[in-house]
Amino acid sequence: MQLIEQSRRKFLQGSVSLCVYATSAMSKIPLIDIQSSSISKTNIPYLCNMCRNKCAGFAQINDGKITKLNPNPYFPKSRNMLCPKGNAGIDALYDKDRLKYPLIRIGKRGDGKYKRATWDEVNEYIKNKLVNILDVQKDNRSTIAFCNGEGFNKDEYIQFFKGKIGSSNFFDEGSICLNTKLGAEVLTLGNNTQPDIKNSDFVIISGANRYESLITPDSIDMLHSNQKTVVLDPRLTVTAQKADVFLPINPGTDLAFCLSMLYIAIKNKLYNKSYVKQYFKDFDKLQTEILTNKYDAKWAEGKTNIPANKITQVTKEFFSAKRPLYYLGRRSVWSDNDFQLRRAMILINALAGSINTKGGLVFGKPIKIKPEEIVEPFYNNAKDRFDLKEIVYGSNKGGSWLNFRDKIVNKTTPYPIKAMFIRKHNLMQNMPNIHKTKKMLEMMDLVVVLDTMPSDTALMADVILPECSYLEREDMVVGFNRIEPSLALRNQVIKPLYESKSMQDILKGLGDVLSIPLFKISAKYDEELQDSIKDLGIQGAFEEGGYNLSELYQNDITTRNKTLITSQFGTDVYKSLKEKGVWYKSQNNHKLLYNNYYSYYDEKNKFYTIRKKYKIKCYLKKLAKNGFDPIPKWRESYDFVVPENSFRLITGRYISGTQSATANNIMLKDIQEVNKLWINDKIALKLNIKHNDNLVVSSSIGSVVIKAFPTNKIHPQVVWFSHGFGINSQELSSAYGKGASDNMIIEDKFEKIYGCATMHHTDIMIRKL
């Protein structure tokens with residue numbers, strides 16, 4: 001066997017190349033005979049996984065190869081639409097750079113040197129590492145941390161790793177995404193909601209840029225002819241360009257705008273009095289807080305840079321509209337006041353009576369699926385998670401990434417974290433301060449990555465497990481939508497290519513190998529298990545305690561789906577899910593109206609208003625007990641202040657990208673090959689910066705080089721560039737060396753209510769090369 005040359009550059013020089021000894025798993029070989037491994041059907045229903053929206057489609061197969069992805073007209077959620085990312089799913093499947101075989105690291109962590117291995121070899125490697133780690137840690141299962149960045153079927157991953165292996169430390173993308181928004185809804189309304197944008201006649205949008213970042217049916221609903229739309233943003237986005245009113249705002253001051261709306265509405269009694277009387281709790285406290293602080297339009301002008309008369313006009317029009325909606329958004333946390341901002345948005349909607357009603361924030365009636373029953377073992381020596389101890393609410397399910405990472409890097413954890421399992425979560429690119437993430441991973445005794453692509457994070461792993469793409473697997477049935485609820489099933493289109501496996505098969509293989517050795521570790525240190533063994537015997541304690549880690553995966557996923565669906569919903573539902581990919585109660589009424597536009601639910605059967613008891617909580621006692629404002633309030637620390645000769649960096653995404661997951665997709669590179677730094681054209685002129693000039697952009701934690709894009713469409717003290725570029729892995733041949741990574745320079749600050757990263761707090765300096 002020929003020895004492949006070692007990495008072309010050292011990691012610290014700015015790149016990592018995956019070098020495989022013996023046989024190259026990354027070599028650019030022709031695709032295998034797909035026809036022999038494909039399911040013999042022409043059109044197969046599936047669910048997209050190119051972003052979080054999960055649109056439905058039909059995969060067209062010719063000669064055993066997927067040749068086209070078409071939208072699914074039967075799905076109420078995606079309404080016969082498939083965006084550019086959805087169409088580019090074919091390249092995610094046939095990407096020449098995708099992971100093909102299991103790999104084991106043979107060099108130093110991060111140098112990209114791996115050998116090809118069998119599945120038995122990687123499972124044995126992981127087993128030996130975990131047995132050693134848990135033996136040293138005396139069966140503290142929480143010394144192993146797990147994370148999953150893919151929203152689909154996440155509970156399966158949690159159930160296997162968190163429940164079965166017993167660690168307290170599980171993380172998802174929530175704390176670097178939208179946990180503050182979700183938490184604000186639950187704590188203020190008692191539930192999450194769906195915005196009924198389609199039926200709103202007056203919509204305010206703060207920062208959300210759906211027309212440029214996520215084009216789906218509900219994006220199109222935002223801007224229809226019978227609706228007035230107001231957009232607040234420091235940047236004239238595509239969404240802002242299509243709005244009726246664009247209000248340029250200072251970054252991080254949307255809360256001041258909302259507080260002024262509350263003040264004007266309460267002071268002038270513009271609110272829905274009957275709704276407030278029936279549904280509000282502690283309205284008197286809200287009224288006193290808002291009026292006492294005198295958040296009038298003139299005050300808000302000084303914070304937001306929006307003229308006072310515009311603030312007053314928008315507020316009066318909003319509260320006089322028949323069906324107004326302040327859109328809550330679905331993007332990452334912006335600033336330290338983000339939770340209070342989302343709360344204020346909800347309170348504005350509530351004062352207008354736009355909760356649980358057509359055109360407002362709707363509770364709806366999602367179809368609930370009973371989970372499969374499975375016994376989870378109890379591990380007496382497993383310690384509690386530590387990342388939420390200083391966080392007021394937080395998410396026990398998803399945790400606080402930055403707080404967790406800080407404690408590891410600073411060596412202040414109450415117990416060591418020695419291993420990490422990472423699935424579809426590119427930590428090296430998805431979290432602020434890449435250098436700190438690298439340091440955290442270097443401190444691990446074992447890092448296992450499950451992914452489809454050789455990401456920057458994969459190249460920090462000890463073991464890389466090639467997961468198949470979403471078109472090569474079936475996943476568990478999922479319920480969607482609250483207003484027009486449905487069930488949808490991701491059917492397998494073709495069998496996994498190369499030696500890749502589905503997540504379920506990977507976990508089953510690991511469970512088969514790990515169950516008994518890890519049980520023996522517990523039997524050695526866990527006194528309660530020792531007592532159980534005395535009473536029941538070894539086999540009895542193992543079986544009754546639920547220590548079989550692959551129990552959930554003994555049946556293949558098609559059998560599990562069939563059993564689950566038919567037992568709860570019947571055989572006709574299962575048949576519809578296999579043939580159409582979708583089922584909903586009113587699907588017999590499905591019909592073509594015009595030009596590929598379909599109807600789904602009759603208006604009378606949609607769930608706009610659910611008659612149930614609920615209260616709008618204005619005052620949160622737990623916040624007050626922990627030293628935070630129980631009612632949204634402005635603090636001086638929220639003021640927009642940028643040092644001289646500096647700029648505030650804001651970031652976002654473009655339609656061609658889903659974070660860093662799509663960075664290597666050739667089809668999407670045709671839309672946007674690199675990112676560029678938006679800078680105000682007048683400022684650029686003063687600094688002698690021209691279009692495509694190379695700029696060094698520096699913050700307190702690092703610097704990047706990026707090309708300039710002078711424009712009059714951005715705030716003079718603000719710069720912007722899109723996320724998902726600056727990939728460090730040379731094995732991603734279409735992404736490597738293209739653009740700059742925002743997380744190289746975004747400072748790793750986080751708010752303390754949900755422990756979420758604050759993405760728009762970093763001030764930067766610019767130097768022309």
Side-chain angles (χ1 to χ4, degrees), residues 176-178 180-181 205-214 231-241 246-257 303-306 329-338 341-342 430-433 638-643 646-655 657 659 672 675-681 683-684 695 697-704 706-726 739-751 756-766:
I176 50 175
C177 192
L178 43 64
T180 52
K181 177 257 186 184
I205 303 170
S206 279
N209 184 21
R210 295 293 293 269
Y211 259 54
E212 198 170 2
S213 63
L214 189 65
V231 170
L232 287 71
D233 205 298
R235 189 169 70 98
L236 183 60
T237 63
V238 174
T239 306
Q241 290 176 44
F246 168 54
L247 300 177
I249 188 171
N250 289 333
T253 64
D254 301 77
L255 175 59
F257 180 86
K303 305 296 181 182
T304 65
N305 201 36
I306 298 173
R330 54 178 291 177
R331 59 166 298 172
S332 297
V333 173
W334 301 336
S335 58
D336 204 39
N337 64 40
D338 202 90
L341 167 62
R342 310 298 172 177
N430 292 352
M431 282 198 286
N433 199 333
Y638 301 158
D639 287 353
F640 175 68
V641 179
V642 179
S646 296
F647 302 88
R648 179 65 50 86
L649 173 67
I650 62 175
T651 185
R653 65 182 181 186
Y654 194 62
I655 184 60
Q659 285 76 46
Q672 186 187 29
N675 55 356
K676 296 182 180 181
L677 185 82
W678 283 42
I679 182 171
N680 183 271
D681 54 355
I683 300 298
L695 306 176
V697 182
S698 304
S699 72
S700 65
I701 65 165
S703 63
V704 295
I706 189 171
K707 291 188 179 297
F709 182 75
T711 174
N712 63 353
K713 297 177 181 178
I714 194 166
H715 190 295
Q717 293 177 288
V718 177
V719 294
W720 176 91
F721 65 94
S722 55
H723 174 69
F725 292 83
S741 172
D742 52 356
N743 280 325
M744 281 293 293
I745 56 177
I746 294 177
E747 295 170 350
D748 48 318
K749 301 174 183 176
F750 59 95
E751 52 83 47
C756 290
T758 53
M759 301 294 194
H760 289 175
H761 261 177
T762 302
D763 294 324
I764 59 93
M765 299 186 73
I766 296 172

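No hydrogens, no waters, no symmetry mates; every other heavy atom, side chains included, goes into these values. Along the sequence shown, residues carry numbers from 1. A quick note: this is a predicted structure, and the numbers were derived from the prediction, not measured.
Of the possible donor and acceptor atoms, none in the side chain of Asn250 sits under 3.5 Å from a partner among the backbone N and O of Pro234. Between the side chain of Thr651 and the backbone N or O of Phe721, at least one donor-acceptor pair lies under 3.5 Å. Counting only distance, with no hydrogens or angles, the side chain of Asp681 and the backbone of Pro710 share no donor-acceptor pair below 3.5 Å.
Here Asn209 pairs with Glu212, Ser213, Arg235, Thr237, Thr239 under the side chain to side chain contact (heavy atoms under 4.5 Å, CB included) rule; sequence neighbours left out. Listed by chain and number, the residues in a side chain to side chain contact (heavy atoms under 4.5 Å, CB included) with Ser335 are Asn337, His761 (sequence neighbours excluded). Scored by the side chain to side chain contact (heavy atoms under 4.5 Å, CB included) test, Ser700 finds Glu747 as partners (sequence neighbours excluded).
In this structure the side chain of Ile714 reaches within 4.5 angstrom of the side chain of Trp720, judged on heavy atoms. Side-chain contact check for Val718 versus Pro251: some heavy-atom pair is nearer than 4.5 Å. Looking at Asn433 and Asn743, their side chains never come closer than 4.5 Å, going by heavy atoms from C-beta outward. Side-chain contact between Leu649 and Ile745 is present, with heavy atoms from C-beta onward closer than 4.5 Å. You'll find the side chain of Met759 stays beyond 4.5 Å of the side chain of His723, heavy atoms only. Within the 4.5 Å cutoff, the side chain of Phe257 has heavy atoms near those of the Leu247 side chain. Two residues are said to be in side-chain contact when any heavy atoms from C-beta on lie closer than 4.5 Å; Lys303 and Leu255 fail this criterion. Side-chain contact between Met744 and Ser703 is absent, with no heavy atoms from C-beta onward closer than 4.5 Å.
Using a 3.5 Å distance cut-off with no hydrogens or angles, the side chains of Thr758 and Asp336 do not pair a donor with an acceptor.
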- Message: Set out, in order, the CA-CA distance, both residues' side-chain angles and the distance that settles side-chain contact (heavy atoms from CB on, under 4.5 Å) for Met765 and Ser646, then state yes or no.
- Response: CA-CA 5 Å; Met765 299 186 73; Ser646 296; 3.7 Å; yes
- Given side-chain contact (heavy atoms from CB on, under 4.5 Å), test Asn305 with Ile249 step by step and report yes or no. CA-CA 6 Å; Asn305 201 36; Ile249 188 171; over 6 Å; no
- Begin from the C-alpha positions of Val719 and Ile766 and carry the test side-chain contact (heavy atoms from CB on, under 4.5 Å) through to its verdict. CA-CA 10 Å; Val719 294; Ile766 296 172; 4.0 Å; yes
- Task: List the steps, then state whether side-chain contact (heavy atoms from CB on, under 4.5 Å) holds for Phe246 with Gln241.
- Result: CA-CA 7 Å; Phe246 168 54; Gln241 290 176 44; over 6 Å; no
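The shortest non-hydrogen separation linking Thr762 to Ser699 is CG2-CB, 3.7 Å.
Cation-pi geometry between Arg342 and Trp334 is met: the NZ or CZ atom falls under 6.0 Å from the ring centre, inside 45° of the normal.
Atom CZ of Phe725 is separated from atom OH of Tyr654 by 10.0 Å, given to the nearest 0.5 angstrom.
Here the rule is side-chain contact (heavy atoms from CB on, under 4.5 Å) with Thr253, and of Asp639, Thr304, Leu232, Leu341 only Thr304 fits it.
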